[in-house]
Every structure is written in C-alpha cells, then in structure tokens.
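Just so it is clear: chains get the letters A, B, ... in the order the sequence lines come, proteins before strands, and each one is counted from 1.
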Amino acid sequence: MTSAASPPKRGVTVSVVPLVPAWRVDRTFDYALPVNLRASVGVGSLVRVPFGARRTRAIVTAVAEGDASGLEEVIALVAGAPVAPGVMTEVLTWLAQRYVCPLGRAFQRAVPARVRMRVAAPTALETGRAAQHLPSYDGGDALLDALHKRTPGAWCVRTLPGVDRGTLITELVEAALAHGGQALVAVPEVRFGSAVIDSLTERWPGLARLDSAQPDNERAHAWLRVGAGAPLGAGGRSTVLAPAGELRLIVIDEEHHPSYKEDRSPRYDARKVALQRAALGRAVCVFIGPTPSVETGAAALNGAFGSVVGSRAEARALRPVVETVAPPRDRVFSRELHQRIQGALRAGERSALLVSARGYARALWCAACARSVRCPVCERGLFYDRVLTSVRCSHCRWRAPAPTSCPSCDSGALRYLGAGSERLSEQLAKAFPRARIARMDPDLIGHLDQDGPPHDVDIYVTTWIGTKPAIRPPVSLVGVLDADSLLRRPDWRAAENAYQALAAMAEWAGPASDGGRLVVQTAEPNHYSVQAVIRGDYDFFLRHELAQRAELGYPPYSELIRATSYGMRRQGLIERAAGLARAAGARVLGPIEIDTVVGPGELEEGLEILIKATDAEPVARALRGILASTPAGSRLRIDVDPR
DNA sequence: ACATTATAAATA
DNA sequence: ATTTATAATGTG
C-alpha cells in the first residue's frame, strides 16, 4: 500500500461502499486516503468516512494512486483486521446483484456487531494427521488429492447414515490446510449445539467460533480473528461471508438444510454464495450430508460437482427395517404400530412417535352441523390447546379462549379431531400404563437448555422439532404417524423434504442389525420418496424426482424468483415486475393473492408471482430498477432462490 | 407571522 | 441511515 519514493507527491484514492442500506446510495464513493492511514488501509478495510452531513462506516473496495484533490478524506480505520479481504468485495457485490439488495446492505453482512477490539496475530493450525475415513468412500481419494493440490472445484460428499460427519470434515480441513491458508465450515441450526463444531473444537481448540451460540463480543472477536488470518472458522449460515482472505476450503454441512437460506434481506442462499466464493477465489467447496438437495445431487450426477459416496452395500446394511402401514381411520396409531411399541417395551428399548401437530387436538369439530371451528382472520382450522383451554391459528397466530359451543349453530357437541402430541401422550399412557412417556414440542423446547435429551423414557412423543439430533434420545423404533401430511404439501419441494425427513428418521432408528425399525403410516406406500427410504437408495429418489422437476421446469432445470407486492399500488407493481421478467426471457406464473402474517391475527394482502428463468441473474438485474423506485406506500419483495 | 411537524432529497 | 432543506400544517 505504500508507494516507495515517488517524488511528485500524488495522492491515494480509495473507493468505498458506505454501510447505508438505501437504494439511493447503491454505488461506491471515492475518498482521499491520508498519509497516516496508507499503511493500514487496504481493500476490505472497515473505515469511517464523512458522508453527507454525518459520518458513517464504509468498506474499501479499491485503492488507487492518482489525483485525490477535491475529495473528502477517510477519517479513520475502524477495525484492526479487514472485514472483506480477498475476493469478498466481489462476492458481496455479486450477492447484492443476485439477491437484489442495495450494496450497503450486502456489505453490512461482512461486519460483526461489535468491532472495537484488539486482535492477536493468528497462530498456525496443527495438521498432518492422515485421513482415515474419507479414503473408504468412492471418490474420497480424488477429493483429498484436489485439496492437497489446491485444485479448485465443487464436491458433493454423500455420507452413510449414522456416520460422524465431524470426523470427515476434520479430515477435509487437515488436507486443505496442510500447506497453510484458511478454511471455513458452515453448519445448520447451531441453537442446540452442533456435533460437527464440537469435534472440530476438540481437534483444534483455537478455532474461531462464528456461530450465534457465542456471545456477541466473542463472535465479533472470532470474526476479526479470521480477518487477521486465523486458519479455521466455523459457524452458521453467515460463515460463508467470514473474512478469510486466503480461503482454501469452504464446507457446507447438511447442505440440504433449509436454514442455509436467509429469510431477511439480503435473502441469500449460503450454498450459492459458497459456490460463487470458491469459484472466484479458486477454493474447494464441499457440500456434505446424508441426503443432498436435488440440485446438488443432480450436479454430482452430471459431473458439474465431484462426487464422493459411501458404498451402496454399506448404505443398505445401515438401514433399519422399514414398514409402511395404512393410516387407521378411527384411531391415531395402527394396530401394527401398537404391537411394535409393545415389542419395544418388552425388549426394554425406546420408541419415538412423530406427530404432525403440537397441542391437544388438531381441530375442533361440531358434530351437530359438521363444521370445524375456523379462524376469523384467515379462515383456516384452529387447533386446541388443552392446558390453556384456548384455540390457536397455526397460520396467523391468532388466539382466543376455546368456545364451549359451536360458533355457527350454537350446539354444544364440539369434538376434538386429530391428535396433537399432547393428546397422543395421554392415549399412550392409557394403552401402556407402565411406560415412561416424554413429550417434546415447540412450546416445551425452551425448557431443555441445560438438560439435554431425555434418556429415562420408554416412549418419546414429539413433533418434527424434537427430532433434531442434538435434542433427541437414542431409540430403536421410530413411528411416523402422518407421513401423508409431508407428501401432500402443496409445495414443489414436498417430495424432496418428505424423503429427507423420512431418511433422517431411518437414521435415527438405526441399522436393522441393531434392532432398528421405522414404521411409516401412509396412504401412499408406493410414493418414490417412501420407497427410496425403504430401499435405502438415494439415487432411486433422485432419478424419480429429477424426472418430475424436468417435466414441470423446476430447479435444477430452472432458477426461481418469487416476487410479492404489498400496498395500494400492488397490482401495478406486480404487473410491472411480471412484464420485466417476461422481457428478460423468463416464464411467469401468477399473480395469485396471498396473505402474509404480520402479527398475531394480523394479515397483509399481497400479490405474488413465481418467475422461472434459465438464469436468475439477468432477471434480478431487470427487477432491480423497480425496487429502487417503488411508489410510496407500496412494497415489492423479491426473493431469488426461494426456499 | 412564526413554530412545529411531515416529506423529500442528498450523500465523494 | 441520517441529516438537512423544504413544504405543510398548526397555533397565538
């Protein structure tokens, strides 16, 4: 950054992105860099600059020698380590373009909450242990070779069920950092802890923990340590934006997980960001998990990604016995499932039962007029909470004391329909009086911070939230009571999510050789998502799902953008968006009317279109113009790569 | 006529 | 986002 001895004293100009998330400031600004800052400020530095009538923080995107007269001067360097080194300024600029947000909002994501702290010089990582497990995977040696030789590229590692991914990821990091550089590991859902981060911490206690489970200041410190060159950082979705200037490897654990999509602006998909970052920075990007997303599976299939898989024979050996039974009409769990639970109890083994609804009853239904009690706000069915004796709408969160008589015919013949986790526990207690039954649902989950998973239970009753590896007890029988609620969701990803959820349940039940058994209550036992779990065959699922996606033109055969307009001028706004998308060569579905929940019992009316494009980026560029000039009182929300 | 409050414009 | 100029509205 220092110009040696250049007699004609020329100035130094820096271009910066002010951290101002406004469309009016969607570009870089130039400042003069005073002599005293020339040694410490470079591309990626966080600085303070005069901006309008005030001062604001900004990130440097370029440094050039030249005439700097007439420019305002940079006031100071704010953080001791760069927050966007290497290719990060390019990545953030790309992110703002693809995900249609102002530059300042994208660049804000590179800055931690607290930033005024001293950062120690980084210490090297102790590496050199030979990989034990990866070489036994097909393609594992090729991936290790690419890491050693620093051959850039993207890889899909499909792990065997029940395998400890922490060990595999440790082996990847060892190989990548054998000759220096930096690595980042992103994991989903850090709230209940992460086995992967735990094993990385065990191997390298000094790693920079970037996850939100850390206190703000420690997290910020870890972020700056990465900026200062710390070799290894690990954390949640935002880890893909950590300031590693010498990035060699970026790992996305459980790549199929929905938490990799940010749900506030900038609505980025961390997987796409990781790929883009690796491509620009010539790093290796590894997606690892037991059930890769369809997009990633397809890329591994057609050779766009390198592919690493466990042997099919081993995968088959690790699956449980899987049974499907028809959902019983007059009760919650079938005779078959009842017998299986009894069998497990006799053998002294634990069972888990998965219910799709929390609370007591999924619906309140009037036997006199055959109508169910509906939400006055959004007209959906209400579920009944017996503890609070209230009814609640699962969509808009509206709630009220439970009615004692039918709102439409005033009859007192209200029945509880569809068992929630609470009612099921009650029925189980009657059926198996000596069994110890534990219940877990979203209302109870806050209470288990320190306790961890319940171990002294015979039957564990839970909604999907209680199946997360960090909080579930080990079991040998898993019963999914309503697989059809997964398969029939009106969502183009329903089959994929159903397969992934059922495969996770099979993994929980464990191998048949250890007595593992999965019972799935479904009216569609021949659905390929169910069949793929029975066969323990990911490729079977992928083939069938890809055929569907091709037919309907969904990813990976297109990229999606969802646009939603709100406010007085929403009609005109959404039509303008649709017109621009069509002009950019995309297909547009809709608009349809939608209600967005803005508070308990509060809905906002909107109009929504779904855009299918071969490449989302030209469409995003076209839509950018509208966003910068939406009429007052109206809003347009653009979601590229919607979840 | 002047103070208070909403609104728009600009940011090197 | 924040500030500041400007317009709009209210008050004595």
Side-chain angles (χ1 to χ4, degrees), chain A residues 1 3 9-79 82-84 88-90 92-93 95-97 99-116 216 220 223 238 241 262-268 565-570 572-573 576 598 623-638:
Chain A
M1 240 37 59
S3 49
K9 263 199 170 174
R10 313 252 310 188
V12 173
T13 303
V14 292
S15 298
V16 306
V17 173
L19 300 185
V20 172
W23 285 107
R24 312 289 299 261
V25 198
D26 188 36
R27 60 194 180 86
T28 59
F29 292 76
D30 292 346
Y31 289 84
L33 190 63
V35 178
N36 63 315
L37 292 176
R38 285 185 194 170
S40 54
V41 169
V43 170
S45 293
L46 181 67
V47 295
R48 184 165 297 282
V49 294
F51 195 61
R54 76 212 138 99
R55 299 160 159 209
T56 189
R57 299 190 299 180
I59 293 175
V60 177
T61 58
V63 180
E65 298 208 9
D67 184 20
S69 60
L71 294 174
E72 294 269 14
E73 282 193 340
V74 174
I75 298 165
L77 178 70
V78 177
V83 293
M88 276 314 291
T89 52
E90 286 166 74
L92 292 166
T93 305
L95 190 154
Q97 290 297 325
Y99 295 101
V100 203
C101 74
L103 272 178
R105 191 177 290 283
F107 275 71
Q108 264 180 347
R109 296 348 260 322
V111 182
R114 304 237 71 87
V115 97
R116 301 194 152 277
D216 262 7
W223 193 267
S238 61
L241 299 175
E262 173 90 341
D263 46 16
R264 291 190 312 239
S265 175
R267 300 169 203 286
Y268 66 90
S565 66
Y566 301 95
M568 296 307 285
R569 314 273 290 276
R570 59 181 180 274
L573 253 182
R576 233 176 113 203
V598 291
L623 292 174
R624 202 175 178 80
I626 328 183
L627 229 61
S629 64
T630 49
S634 296
R635 286 176 297 124
L636 183 68
R637 194 172 90 175
I638 292 172

Walk along nucleotides 5-10 of chain B from 5' to 3' and tag each nucleotide B, S or - by protein heavy-atom contact under 4.0 Å, base first, then sugar-phosphate. ----SS

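Not counting sequence neighbours, the partners of A:Arg267 by the side chain to side chain contact (heavy atoms under 4.5 Å, CB included) test are A:Lys261, A:Arg637, A:Asp639. By the side chain to side chain contact (heavy atoms under 4.5 Å, CB included) test, A:Thr89 pairs with A:Val43, A:Thr61, A:Ala84, A:Phe107, sequence neighbours left out. Taking A:Asp67 as the reference, A:Ser69 meet the side-chain hydrogen bond (donor to acceptor under 3.5 Å, both in side chains) condition, with sequence neighbours excluded. For A:Arg48, the salt bridge (charged side-chain N to carboxylate O under 4.0 Å, His left out) criterion is met by no residue, not counting sequence neighbours. Applying the side chain to side chain contact (heavy atoms under 4.5 Å, CB included) rule to A:Pro50 yields the partners A:Tyr31, A:Glu72, A:Ile75; only residues at least two apart in sequence or on another chain are considered. The ring pair (Phe, Tyr, Trp, His ring centres under 6.0 Å) search around A:Phe51 returns A:Phe29, not counting sequence neighbours.
Counting only residues at least two apart or in different chains, side-chain hydrogen bond (donor to acceptor under 3.5 Å, both in side chains) contacts with residues 16-29 of chain A comprise A:Asp26-A:Arg624.
Following rounding to the nearest Å, A:Leu19 (CG) and B:dA12 (P) show an atom-to-atom distance of 16 Å. Between the CG atom of A:Asp26 and the C1' atom of B:dT11 there is a distance of 14 Å, rounded to whole Å.
Counting non-hydrogen atoms under 4.0 angstrom, A:Tyr31 reaches the backbone sugars and phosphates but no base. Within the 4.0 angstrom heavy-atom criterion, no nucleotide atom of any strand lies near A:Arg55.
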Evaluate A:Asp30 against A:Ser15 for side-chain hydrogen bond (donor to acceptor under 3.5 Å, both in side chains), listing each step before the verdict. CA-CA 4 Å; A:Asp30 292 346; A:Ser15 298; 2.8 Å; yes

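For DNA chain C, the outermost nucleotides in 5' to 3' order that have an atom under 4.0 Å from a heavy atom of chain A are C:dA1 to C:dT4.
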